[in-house]
Amino acid sequence: MAIQNLQDTVLLHNGVRMPGFGLGVFRVKDGDEVINSVRTALANGYRMIDTAAIYGNEQGVGQALRESGVPRNQVFVTSKVWNADQGYDSTLRAYDESLKRLDMEYLDLFLIHWPVKGKYVETWKALVQLYDDKRVRAIGVSNFHIHHLNDIMDATSVVPVIDQVELHPLLSQIELRAFCKEQAIQMEAWSPLMKGNLDIPVLHDIAKHHKKTPAQVVLRWHIQHEIVVIPKSIHEQRIIENSLVFDFALTQEEMAQINALNQNQRFGSDPDNFNF
Ligand code: NDP
């Protein structure tokens, strides 16, 4: 069932509950910018933050969380091991370094950021070790196609709880979603707002009908598909706007109209062809 509010959770296959809605902080500067974004989100009911080592803002995320007064165990914190740190030992070290920057004792979710060729299976083994050692509550991946998922599952028999991928109306990831459903892997959408490219007539028409914004319509579309979303904004007004998506519902026909926008169009890199 679709989540009903900002704090509502989805059940991951290892029994951990994860909020279905959070704040993304890619390209948010460490220091005041990230501190203000995270503080604003938490003050307005968000209970999940998605960061990564490569974002360079884990320190600010940790500081904002501590200063917010919201207990650590009520916020779901995700970070990711960066490509340059992949491999078994270096991933274990990267986890410790992320924790140190965040000044936290554990992460709720640690992800492999991208499937680096020749390295991601060893990286996955390190995540499994961290999980077995109870140092992290859940482990998953990001930017994995079906063949990447099969590789790590074949090598370890451990199924990631999450695949966080680019996913929005122009790239609806039909095949991957079907595969993940079969495997009980929860889908999480990055760039859910198409990086702000929301000027699509169908979205405007539906938004007008509900007295909502195109951003809210797109996030509602994800929620009704039971996809976890982590929209990013550094502006208070938008952080709040993005969260006001629980007081209306898209009809089946509107869902179908948005589904029909799919063009397999990426704003980011293809996981089979990236050079970073
Ligand atoms: P989003 O799709 O969330 O879009 C963010 C952009 O949209 C920003 O320019 C923001 O501007 C603007 N925006 C936010 N809210 C609104 C609104 N209501 N109306 C109009 N424009 C709006 O893009 P991201 O790429 O940031 O993706 C979200 C998160 O996903 C990231 O922050 C990160 O946590 C994660 N991610 C993960 C990746 C991975 O490889 N695993 C890759 C990319 C992202 P402004 O801030 O100025 O308001």
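Remember, it's 1-based here, ligands and their atoms both numbered in the order they're listed.
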Give the numbers and elements of all ligand 1 atoms closer than 4.0 Å to a heavy atom of Trp114.
40 (O)

Atom 24 (P) of ligand 1: the protein heavy-atom neighbour that sits closest, reported with distance to 0.1 Å
Ser191 OG, 3.6 Å

Can you check whether Phe144 and Tyr120 have ring centres sitting under 6.0 Å from each other?
yes

For His235, atoms of ligand 1 separated by under 4.0 Å from a heavy atom:
45 (P), 47 (O), 48 (O)

Non-hydrogen atom of Pro231 closer than 4.0 Å to ligand 1
yes

Check the angle between the aromatic planes of His210 and Phe248 and answer parallel, tilted or perpendicular using the 30° and 60° thresholds.
tilted

Measuring only between side-chain heavy atoms, which start at C-beta, is Pro115 closer than 4.5 Å to Phe274?
yes

Min heavy-atom dist Thr213 to ligand 1 below 4.0 Å
no

Could you tell me whether Val25 approaches ligand 1 through its side chain, its backbone, both or neither, with non-hydrogen atoms closer than 4.0 Å?
backbone

What part of Met194, side chain from CB on, backbone N/CA/C/O, both or neither, has a heavy atom under 4.0 Å from ligand 1?
backbone

In ligand 1, which numbered atoms sit nearer than 4.0 Å to a non-hydrogen atom of Pro192?
2 (O), 3 (O), 28 (C)

Please give me the minimum heavy-atom distance between Pro192 and His222, naming the atom from each residue.
O-CE1, 3.4 Å

Could you check atom 26 (O) of ligand 1 against the protein and tell me its nearest heavy-atom contact, residue, atom and distance included?
Lys232 CB, 3.2 Å

Taking the six-membered ring for Trp, is the centroid-to-centroid distance between Phe26 and Trp190 below 6.0 Å?
no

Which segment of Val28 sits under 4.0 Å of ligand 1 when only heavy atoms are counted
neither

Looking only at non-hydrogen atoms, find the nearest pair between Asn259 and His225 and report the distance.
OD1-NE2, 3.0 Å

Quick one: which ligand 1 atoms are inside 4.0 Å of a heavy atom on Ala215?
17 (C), 18 (N), 19 (N)

Is the ring centre of His148 less than 6.0 Å from the ring centre of His145?
yes

Which residue supplies the protein heavy atom nearest to atom 15 (N) of ligand 1, what is that atom called, and how far is it?
Asn242 ND2, 3.1 Å

What atoms in ligand 1 come closer than 4.0 Å to a heavy atom of Gly196?
4 (O), 6 (C), 7 (O)

Nitrogen or oxygen atoms of Ser142 and ligand 1 under 3.5 Å apart:
yes

Salt bridge Asp108-Arg72, side-chain N to carboxylate O under 4.0 Å
yes

No-hydrogen, no-angle side-chain donor-acceptor test under 3.5 Å, Asn14 and Tyr131
yes

Considering only the protein, which heavy-atom contact is closest to atom 43 (C) of ligand 1, and what is its distance?
Trp190 CE3, 3.2 Å

Considering the heavy atoms of Asn143, write down every atom of ligand 1 situated less than 4.0 Å from one of them.
39 (C), 40 (O), 41 (N)

I need the atoms of ligand 1 closer than 4.0 Å to a non-hydrogen atom of His113, numbered in the order shown.
39 (C), 40 (O), 41 (N)

Below 4.0 angstrom from a heavy atom of Asp50, which ligand 1 atoms are there? Numbered from 1 as shown, please.
33 (C), 34 (O), 35 (C)

Could you verify whether a donor N or O on one side chain and an acceptor N or O on the other, from Glu67 and Gln63, lie under 3.5 Å apart?
yes

Mind checking the CG-OG spacing from Leu171 to Ser191? Nearest 0.5 Å is all I need.
10.0 Å

For Glu241 and Gln216, what are the C-alpha separation, side-chain angles and deciding distance, and is it a side chain to side chain contact (heavy atoms under 4.5 Å, CB included)?
CA-CA 7 Å; Glu241 173 189 327; Gln216 291 169 324; 3.6 Å; yes

Honestly, for Glu241 the part within reach of ligand 1 (heavy atoms, under 4.0 Å) is side chain

Measure from atom 19 (N) of ligand 1 to every heavy atom in Gln237, Arg238, Glu33 and give the option owning the shortest one.
Arg238

Is there a polar contact between ligand 1 and Ala189, counting only N or O atoms under 3.5 Å apart?
no

